[in-house]
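Both ligands and their constituent atoms are indexed starting at 1 by order of listing. One is the number of the first residue; the rest follow in order along the sequence.
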Amino acid sequence: MNRSVEPILGDSQIRKWFVKNLLLFRPPLLLYYIYMHQNLLIITQFISFLYSLSLLSLQHFTFGYCTMSPAMVMAAKTKQNDNLESQYQKGVKHLCENGINKVPKKYILPVSDRPNMKDRELINVKKQNLKLPIIDFAELQGSNRPQVLKSLANACEQYGFFQLVNHGIPSDVISSMIDVSTRFFELPFEERAKYMSSDMQSPVRYGTSFNQNKDDVFCWRDFLKLMCNPISDVVPHWPSSPVDLRRLMATYAKETKYLFLMIMVSILESLGLVGTTEHKTEEDEILKDFEDGSQLMVVNCYPPCPEPNLTLGIPPHSDYGFLTLLLQDEVEGLQIQHQDKWINVEPIANAFVVNVGDHLEIFSNGKYKSVLHRVSVNPMKSRISVASLHSLPFNYMVRPSPKLINEENPRGYKDTDFSSFLEYISSCEPKRKNFLESRKLC
Ligand code: OGA
Ligand code: NI
């Protein structure tokens, strides 16, 4: 009988079997195995990735927000605001140097305070032919003086502003003043920042906005304020850079002071207070007081603004002194209130815009008007202006001239001095004509 005996398989036979059964006849099984194994790897990796992610976010959640009390959230927000606030304190020039294409919230005025350019309120002087009165200083010194004095009186009563041409200040003194001011604002921030101070009485003060310690909304202006008297005492405190700043600005300050005195003589004459020989000593005394008087130079820089309709360079205000002599470059921006409308002041090369300040309104017992004005900003061009504010010495009382008080014109204002003005502006937001309003009787 033949019994079939299972042969014992040798090595080579095993290999053959393996090849036959697994590689040749069962390839799907192997592939499936490999496929499953890889997938398992991927899935395990994916799960561990998810797990680590969840751990991370759990950690974040636990140590980041979940454990923050409302007070901590507030503190974090306050810190962020403080950072922004400290940026704004560095000024608009610095803000623009870091590159912006929108006006930050801090500078956006409430809708009612914005300079709406399409507003029917705004009359473009060129279109409407509504120009400020022009006073020719050379003519004022000549035989036409009586007529020019009348025009001067009319300008101070009706507009509170006029343009002064042919004033005799050499044009290179003027162009150098604009030029050195431009160079000052182009200095690196750290150089300008040396002169930042919150002390209102400092002989030099670099700053931004109107009153950067009080303003809720900031305005689009940086400034350099220089006290000018006594000139030899204050100049050493003025910026030492650019190297020619002290020399050029001191020359400009002296020239404008002299011009102010000359205009004041005419103003006093137009009010009937000088020019009459019987009161010669009294007249000399008044003029001596103005000679010793205070002078503050404010160099304004208005960088280009990406959204000029949302903000202002300076909000509506009046100036505190007797007269302001304003030098503006060729870029428009100054607007004055006239018959409840805002009118643009057209820049005239080499001319000064002269305006009546609060002290002259008080001194003239309301005859001459200290008028509200503001500055709009420009999307393309940077603008520089220099306001030179002149008054009596700081400790002097300003009061209505007794000769201008009579039954028809009773005294309209309280006595006031510079220190009460300083107190006033450091105690409240000096917007609009609050200070003058506070000095009015009745
Ligand atoms: C000022 C002022 C106007 C201007 O400095 O008080 O009104 O055009 N400046 O910069
Ligand atoms: Ni002003």
Side-chain angles (χ1 to χ4, degrees), residues 91-93 115 122 125 132 156 159-164 174 177-178 181-182 184-185 200 205-212 215 218-228 249 252-253 256 260 294-305 308 311-338 342-349 351-361 368-378 381-391 421-422 425 429-436:
V92 209
K93 189 92 208 303
L122 183 81
V125 271
L132 281 189
C156 295
Y159 293 85
F161 271 82
F162 55 90
Q163 300 253 23
L164 189 77
I174 288 183
M177 182 65 199
I178 295 283
S181 305
T182 310
F184 173 79
F185 286 104
M200 296 276 191
R205 206 152 66 82
Y206 176 70
T208 191
S209 192
F210 200 75
N211 181 348
Q212 74 197 84
D215 298 346
F218 268 21
C219 52
W220 204 261
R221 162 186 84 145
D222 291 342
F223 61 78
L224 175 69
K225 293 193 180 180
L226 301 172
M227 295 265 186
C228 301
M249 291 202 178
Y252 178 84
T256 45
F260 159 73
S294 62
Q295 179 180 8
L296 174 72
M297 222 152 58
V298 185
V299 187
N300 298 305
C301 170
Y302 308 96
C305 175
T311 189
L312 278 170
I314 311 187
H317 68 284
S318 62
D319 296 344
Y320 73 84
F322 267 77
L323 287 179
T324 301
L325 274 61
L326 181 88
L327 176 66
Q328 45 176 351
D329 65 11
E330 71 293 342
V331 182
E332 247 177 34
L334 176 63
Q335 297 172 345
I336 71 162
Q337 203 170 58
H338 180 65
W342 287 105
I343 60 170
N344 284 327
V345 175
E346 183 190 9
I348 301 180
F352 282 100
V353 176
V354 181
N355 64 293
V356 172
D358 294 352
H359 290 171
L360 181 52
E361 177 168 327
Y368 290 173
K369 298 287 187 288
S370 174
V371 163
L372 280 182
H373 51 286
R374 67 182 190 186
V375 180
S376 67
V377 281
N378 192 296
K381 297 177 193 163
S382 190
R383 177 171 184 266
I384 293 278
S385 72
V386 185
S388 192
L389 284 77
H390 301 261
S391 191
F421 171 74
L422 280 187
I425 55 167
E429 214 177 303
K431 272 198 178 162
R432 302 191 179 262
K433 284 174 78 168
N434 290 348
F435 178 66
L436 192 55

Task: A387 neighbourhood, listing ligand 1 atoms whose heavy-atom distance to it stays under 4.0 Å - done: 5 (O)
Open item on the list: Show me which atoms of ligand 1 lie under 4.0 Å from any heavy atom of H373.
Closed with: 7 (O)
- [ ] Answer yes or no: is there a donor N or O on one side and an acceptor on the other, between the side chain of Q295 and the main chain of A253, under 3.5 Å?
- [x] yes
Open item on the list: If you consider just the N/O/S atoms, which atom of D319 is the closest one to the Ni ion (ligand 2)?
Closed with: OD1
Task: Side-chain donor or acceptor of R221 paired with backbone N/O of S209 under 3.5 Å - done: yes
Open item on the list: Any heavy atom of F223 closer to ligand 1 than 4.0 angstrom?
Closed with: no
Task: Numbered atoms of ligand 1 (with element) below 4.0 Å of Y302, judged on heavy atoms - done: 4 (C), 9 (N), 10 (O)
Task: Heavy-atom check, side chain of M249 versus side chain of L226, under 4.5 Å - done: yes
- [ ] Mind checking whether T324 contacts ligand 1 via backbone (N, CA, C, O), side chain (CB onward), both or neither, at a 4.0 Å heavy-atom cut-off?
- [x] neither
Open item on the list: Looking only at the side chains, is there a donor atom on one of E361 and S318 sitting less than 3.5 Å from an acceptor on the other?
Closed with: no
Task: side-chain contact (heavy atoms from CB on, under 4.5 Å) partner of F352, the single match among T324, L325, L323 - done: L325
Open item on the list: With respect to S385, determine whether any N or O atom, backbone or side chain, lies less than 3.5 Å from an N or O atom of ligand 1.
Closed with: yes
Task: Protein residue, atom and distance nearest to atom 5 (O) of ligand 1, heavy-atom basis - done: N300 ND2, 3.2 Å
TODO: Kindly assign one of parallel, tilted or perpendicular to the pair F322 and H359, based on the angle between their ring planes and the thresholds 30° and 60°.
DONE: perpendicular
TODO: Heavy-atom distances under 4.0 Å are what count here, so tell me which part of L389 touches ligand 1: side chain, backbone, both or neither.
DONE: neither
Open item on the list: Would you say the rings of F161 and H373 are close, in the sense that their centroids are separated by under 6.0 Å?
Closed with: yes
Task: Nearest non-hydrogen protein atom, atom 8 (O) of ligand 1 - done: R383 NH2, 2.9 Å
- [ ] For ligand 1, find out whether one of its N or O atoms is nearer than 3.5 Å to an N or O atom of R221.
- [x] no
Task: Option passing side-chain contact (heavy atoms from CB on, under 4.5 Å) with R383 (candidates V377, D329, N378) - done: D329
Task: Protein contact to atom 3 (C) of ligand 1 [nearest heavy atom, distance to 0.1 Å] - done: V375 CG2, 3.6 Å
Task: Any H317 heavy atom less than 4.0 Å to ligand 1 - done: yes
- [ ] Return yes if some donor-acceptor pair links the side-chain N/O of D222 with the main-chain N/O of K93 below 3.5 Å, else return no.
- [x] yes
Task: H373: its N/O/S atom lying closest to the Ni ion (ligand 2) (atom name) - done: NE2
Open item on the list: One residue to check: I314. Relative to ligand 1, which of side chain, backbone, both or neither has a non-hydrogen atom less than 4.0 Å away?
Closed with: side chain
- [ ] Take every heavy atom of Q328, measure it against each atom of ligand 1, and state whether any distance is under 4.0 Å.
- [x] no
TODO: Carefully, step by step, assess M200 and R205 under the rule side chain to side chain contact (heavy atoms under 4.5 Å, CB included).
DONE: CA-CA 8 Å; M200 296 276 191; R205 206 152 66 82; 3.6 Å; yes
